[in-house]
Structures are given as C-alpha cells and as structure tokens.
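Below: one structure, written as structure tokens.
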Amino acid sequence: MNSLLEAIAMVSTVEVAIAILASAVYGMVIGALPGLTATMATALLVPITFYLSPIAAVATIITSSAMAIFSGDIPGCLMRIPGTPASAAYTDESYAMTRKGQAELALGASLWFSAIGGIVGTVALMVMAPALAEIALSFSTFEYFWLSLLGLMCATLVARSSPIKAIAAALLGLLVACVGIENPGGVPRFTFGNTDLLGGIEPLPALVGVFAVSEIMRAMVSPLPPPIPSRKFGSILAGQIDLTRRFQKQMWRGNIIGVLIGALPGAGADMAAWVAYATSKRFSKTPEKFGTGHPEGLVESGAANNSALAGGWVPALLFGIPGDTITAIAIGVLYMKGLNPGPTLFTEKASSMYALYIVFILANLLMLPLGILMIRVSRHVLKVPRAVAMPLILLLCAVGAFAIGNNPFAVVLVAVFGIVGYMMERNGYPVAALVLGVVMGTMVEQNLVSSLIKSDGDILPFIERPISTGLAALTMTALLWPVAVWIIRRLRSPERAR
Amino acid sequence: MHLSDRVTGLFLALLGSLAFWGGSLLPAVPGQDVGPAAFPMVIGAGLVLCGIMIAAGIGHSFEAAESEEDDQAPGLAQHLGRMGWLAAFLPPVLLIFYVLVANALGFLLTAAIILLISARALGATWPMTIGTVLLAPPFVHLIFFRLLRVPLPDGLLTMPW
C-alpha cells in the first residue's frame with residue numbers, strides 16, 4: 001500500500017503531467033504522419049528523456065508510443081496509407097468503411113478499441129510481470145543465456161521475410177555489439193584504433209539511424225502520398241458501445257493475442273495486428289465481409305496492436321529482453337535512469353513499477369479526448385508536406401544523436417546505421433532483428449561466457465536444469481521451425497518450394 | 001537500391017569470415033578457456049553459414065515480393081532520372097556534412113543548409129523551403145540549447161538566448 005501511495009506521489013508531479021501531455025501530442029502527430037513510425041517517434045524522444053526524472057522519462061515513451069500506434073490508424077482510414085506499420089493490417093478495411101461513408105465509425109472504433117486494448121494490456125502487465133518475476137528470481141546464467149537466445153530466435157521467426165536473412169540480421173546486430181572493450185578480456189575488440197569505438201556502439205544512434213534516417217532515405221526515392229480529401233466529422237464515439245457489445249468476443253481475443261505477441265521478444269504491435277486480423281477473419285461467421293468495410297477485424301486488430309505495447313514491457317522489465325522495437329529503446333532509458341530491468345525491480349523498486357502502471361492507464365485514458373481532437377484536426381496535420389517534415393526529422397536526428405553524449409561521432413553512427421537499415425530493408429533483411437541483436441549482444445555474450453566458465457567448457461550444464469532444458473528446447477524449435485515449414489511446403493507442392 | 005541475394009549473401013559471408021579471423025587474433029584471458037575471441041568467432045561462423053545459404057537462394061520462398069517505386073519520386077530523384085536511386089543517400093551525406101562543418105559554421109547556419117538542401121531534394125516549393133529554413137533552426141536551437149542545455153556550436157551566428 002505504501003508503494004502504491006509513493007507511486008501516486010511520483011506520478012502526481014507537474015513534470016510528469018507535462019511530460020505525459022507533451023509526449024501524447026507529439027506521439028499523435030508523428031503517428032498520424034505517413035512514414036513516421038511509433039518506433040521512430042520513441043527513438044527521437046530519447047535525448048529529451050536525459051533531462052527528465054526517471055518516471056517522467058519512461059512516461060514520455062509509454063505515452064508517445066501508445067498515441068502513435070492509435071493515430072497511425074487515421075491516415076490509414078482516410079487516405080489508405082497506414083501512419084505506422086501497426087495499422088497496415090486493417091488499413092484496407094477502415095478505408096473501405098470511409099468509402100461507405102462510415103469514417104467516423106471506423107476512426108471511433110480505432111480509438112475506442114485502442115484505448116481498451118491499452119488498458120487490458122496494462123492489466124495483463126500488472127498481473128503477469130510480478131508473477132513471472134517470482135520464477136525469474138531462480139534463473140541462473142544458463143537460463144538467461146537460453147532466454148536471450150530464444151528472444152533472438154523469436155525475432156527471426158516472426159519476421160515476415162526469409163528466416164535465414166532474419167538470423168543473419170540478428171547475427172549482424174550481435175557483431176555490432178562486439179565492438180568495444182566491454183568483453184570478457186577487457187581488450188579493445190574491432191575498434192580499429194578509434195577511441196570513439198572503445199566504449200562500444202550505443203544502441204541509440206543505431207536505432208535512430210535504422211528507424212529514422214532510413215525512413216528519410218526511403219522518402220527521397222518514393223512517390224508522394226495522395227492529398228487528403230477535405231471533410232467534416234460527425235460524432236466519433238457514437239456507436240462504439242454497440243460495436244463493443246456486438247464484437248465482445250473479438251475484442252477480448254484481440255486483447256489476448258496482442259498481449260501474448262507483445263510479450264514475445266521481437267514481435268510487436270504490427271505483428272499483433274496482422275495475427276489478430278487473420279484470426280478474426282479465420283473465426284468469423286462472415287469472413288466474406290472482410291475487406292468490404294466490416295468493423296469486426298478492425299475491432300480485433302485495433303485492440304491487439306495497443307495491448308501488444310504493454311505486453312512488450314513484460315520481458316523488457318523482467319529480463320531486459322525487448323518485447324518489441326519500442327521497448328528495445330525503453331530498456332536503454334530504464335538503465336540510464338537507474339531502473340535496471342530484472343526480477344528484483346519488482347521488489348526493490350516496487351513504487352516505480354506501480355508508477356509505470358499508472359502512467360500506462362493515464363496514457364490510455366488520455367488517448368480518448370486527445371484522439372478525438374486529433375481526428376478532428378487530422379485534415380490539417382495530414383497536410384504537413386513530407387518535404388517539410390522529413391528535413392526537420394533529419395535535423396532532429398543530428399541534434400538528438402549529438403545530445404546523447406555531446407559527441408559528434410554519434411551523428412556519424414546515425415548516418416552509417418541509416419545506410420545499413422535502408423540497404424537491409426530494401427534487400428529483405430528485417431531491421432528489427434538487427435536492433436534486437438545490438439540491444440541484446442552484451443547480455444548474450446556475458447551469459448554465454450559466464451556459463452561456460454562455470455561449466456568449465458562443458459555443454460551439459462546448459463541443459464541440466466529443468467527451466468534451461470525447456471528454454472533450450474523452445475530455442476531449438478524456433479530455430480528448426482522454418483526448416484519444418486519448408487519441408488511441409490515441399491511435400492505439399494514440390495514445384496513451389498526451392 | 002536492390003541487390004541480388006547472391007551479392008548480399010556473399011558480402012555477409014565475407015564479413016563473417018573477417019569477424020572470425022579478427023576474433024581469432026584477440027588475446028586470450030590468462031587461466032581462462034573462454035575469452036573475448038569466442039563470441040565474435042561464433043557470430044562470424046554463423047554469418048558465413050547464413051551468407052552462403054542466402055547466396056544459394058535458400059529461404060527465398062519465405063519472402064514477400066516487394067514493389068519497386070524508385071522512379072516516381074519528386075525532387076532530386078526525378079532530376080537524377082535513371083540515377084534517381086542515388087538520392088536516397090543524400091540524408092546520411094548531410095549528417096556527415098553536419099559533423100564536418102557544424103563547429104566552424106555553427107548550428108544555425110549548418111541546420112539551415114541541411115534543411116535547404118533536403119527540402120529542395122524532396123521537392124518542396126521555394127516558399128515552403130524558405131519558411132522551414134528560417135523558422136526551424138532557431139526553434140530547434142531554443143529547445144536543445146536553451147531548454148535542454150545541449151552545447152550546440154555557435155560558429156558564425158548566435159541567438160540572443
């Protein structure tokens with residue numbers, strides 16, 4: 001009870017209130033602009049968090065990402081261009097509703113079910129994380145090694161590309177994490193005599209480069225989005241209670257899918273939305289209506305992508321393993337603010353955890369009024385020309401990267417990782433796997449080396465303890481799953497598989 | 001810029017072998033079997049294996065077909081015609097430009113030049129570009145220099161705050 005009161009006191013400050021409100025508006029605007037993702041919004045926000053208190057810093061990330069994931073639905077609904085990848089799964093559906101004259105219902109459903117999804121996700125986080133923390137307290141380096149490896153494998157498994165390319169991307173990330181003197185020997189590794197590389201490559205410039213600069217690079221060579229038609233909106237939330245009643249089962253299923261996929265390392269809101277939309281169609285009584293402006297899939301996947309956001313925080317807070325690309329950034333902020341992820345966080349810093357839950361709830365409640373406002377002004381926001389927004393983001397990338405450590409070398413890293421991210425995406429290599437590799441590299445190596453030292457080089461102790469055996473089995477399954485899929489495909493249609 | 005799987009696969013295999021070789025040169029820790037060499041060598045070997053498989057086209061059937069849209073972009077890409085793909089590399093070049101000249105010219109002027117070039121390259125009209133160039137640098141300077149105390153270089157031009 002004391003912790004809860006402390007948490008309320010932590011959140012009830014002017015700083016936190018301003019941080020939540022400002023990041024909410026920021027997230028809404030960035031999410032609504034096509035091509036600017038929630039991850040990019042979060043990455044660009046990090047330099048600002050340096051100057052905030054721990055709770056205010058984490059609050060900005062939670063709030064801006066939740067808002068961006070919702071507002072990504074707005075251009076999807078009005079222009080058939082998803083604002084963020086998380087909205088892509090149901091963009092055709094919501095646009096079809098707009099064409100049927102039901103833009104208010106579609107946008108209202110996106111907003112309403114996003115807020116519900118966010119709150120359900122938070123409740124799941126509140127219930128799941130402390131329970132799992134109890135189990136995690138008994139983990140040794142062997143379990144942590146398998147868990148981090150499983151996280152990397154999951155990221156490669158859920159990537160919508162070749163699993164081999166995804167594994168290669170993750171390995172590339174791990175290789176990036178090798179740079180510097182933070183290794184078992186404390187010797188300069190792959191630094192090539194450059195003193196700036198001695199401290200290793202910080203994940204943040206890599207993230208800004210991969211997510212923001214590569215997006216600007218893509219904008220340089222991609223066509224302009226079509227202009228938004230001018231229109232006035234009626235009541236946004238009218239009809240949502242009726243939709244909730246009609247599609248209650250779909251809403252709950254979407255929420256559960258979102259939480260589970262969010263908690264899966266590497267899989268975030270976009271994957272949750274795709275899976276939820278597919279599930280909704282698969283189990284629908286009227287699958288033929290999907291794609292024609294039917295709200296059923298919209299309800300399920302709209303709830304799923306927001307509940308996935310909170311789900312992503314479960315492995316991030318417990319093990320320091322990011323549930324998605326947003327929490328990959330958040331983990332850095334948690335470390336920076338002294339909220340080091342781990343099961344003890346829930347006992348030693350219980351009040352901070354409660355404060356975090358409160359921020360989640362507040363952000364999702366704030367989403368309703370701000371979302372309505374955003375929908376109403378969307379035609380103005382969406383008119384911000386790409387040729388103005390992208391140069392501004394480029395400037396923020398430069399200044400933000402410099403602000404991380406007042407070191408111009410970070411700006412060079414941002415440029416390099418921009419090229420790496422752009423080239424990878426253009427050639428089918430998932431950048432999320434690369435990011436996960438960069439973020440988790442040190443953790444994987446430390447646990448591998450510590451385990452090998454403990455076991456005197458013997459492999460057997462890696463699979464002797466029951467939990468580590470289970471995790472090892474899951475990791476191997478994740479590794480071999482694509483092979484099984486390939487064999488099944490080959491058996492079914494030999495001419496298709498290569 | 002789309003490259004064939006053979007090219008990217010072989011590049012990864014080469015990178016992996018370099019990582020393996022570079023890792024093997026690292027000194028061992030006295031009295032300890034596992035040192036700083038182990039991890040890069042494992043990663044290097046993995047990259048070589050993945051690179052060879054990618055070059056051989058294994059796993060290609062899992063990939064979704066991607067649409068090519070390079071030649072419809074306005075601004076610099078349109079201007080460059082068939083070499084339009086080069087426009088994509090302007091943003092990182094501008095970031096390097098920032099690093100090289102920011103100290104000499106100062107933040108405001110460097111930011112203005114970056115905004116001018118990138119806005120025009122993205123097809124912004126002149127009034128739009130001039131508005132961005134005049135308003136954005138002082139605003140960003142105000143937030144980062146004044147409010148967040150980031151030591152942005154003054155160079156040739158300073159602001160009153």
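Letters go in sequence order (proteins before strands), and every chain restarts at 1. Every heavy atom of this structure was used, including side-chain atoms; hydrogens, water molecules and symmetry mates were not.
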Is there a donor-acceptor pair closer than 3.5 Å between any side-chain N or O of Arg189(A) and the backbone N or O of Gly23(B)? no
When you measure from the side chain of His2(B) to the backbone of Asn427(A), do you find a donor-acceptor pair of N or O atoms at a distance under 3.5 Å? no
In the structure I gave you, are the side-chain heavy atoms of Val187(A) and Leu26(B) within less than 4.5 Å of one another anywhere? yes
Is the shortest side-chain heavy-atom distance between Leu172(A) and Leu12(B) below 4.5 Å? yes
Can you pull out the residues in residues 99-106 of chain B with any heavy atom less than 4.5 Å from chain A? Val99(B)
At a 4.5 Å cut-off on heavy atoms, which part of Ile43(B) comes close to chain A: side chain, backbone, both, or neither? both
Top residue by heavy-atom pair count (under 4.5 Å) with chain A, among [options]?
options                                   : value
Pro40(B), Gly46(B), Gly44(B)              : Pro40(B)
Ala119(B), Gly16(B), Ala124(B), Gly131(B) : Ala119(B)
Ala111(B), Cys50(B), Ala88(B)             : Ala88(B)

Between the CG atom in Asn183(A) and the CZ atom in Phe39(B), the distance rounded to the nearest 0.5 Å is 11.0 Å
Minimum heavy-atom separation for Val221(A) and Gly84(B), please, with both atom names. CG1-O, 3.4 Å
Heavy-atom nearest pair, Pro391(A) first then Ser118(B), reads CB-OG, 3.2 Å
Option in Val414(A), Asn406(A), Leu452(A) with maximal non-hydrogen atom pairs under 4.5 Å from chain B: Asn406(A)
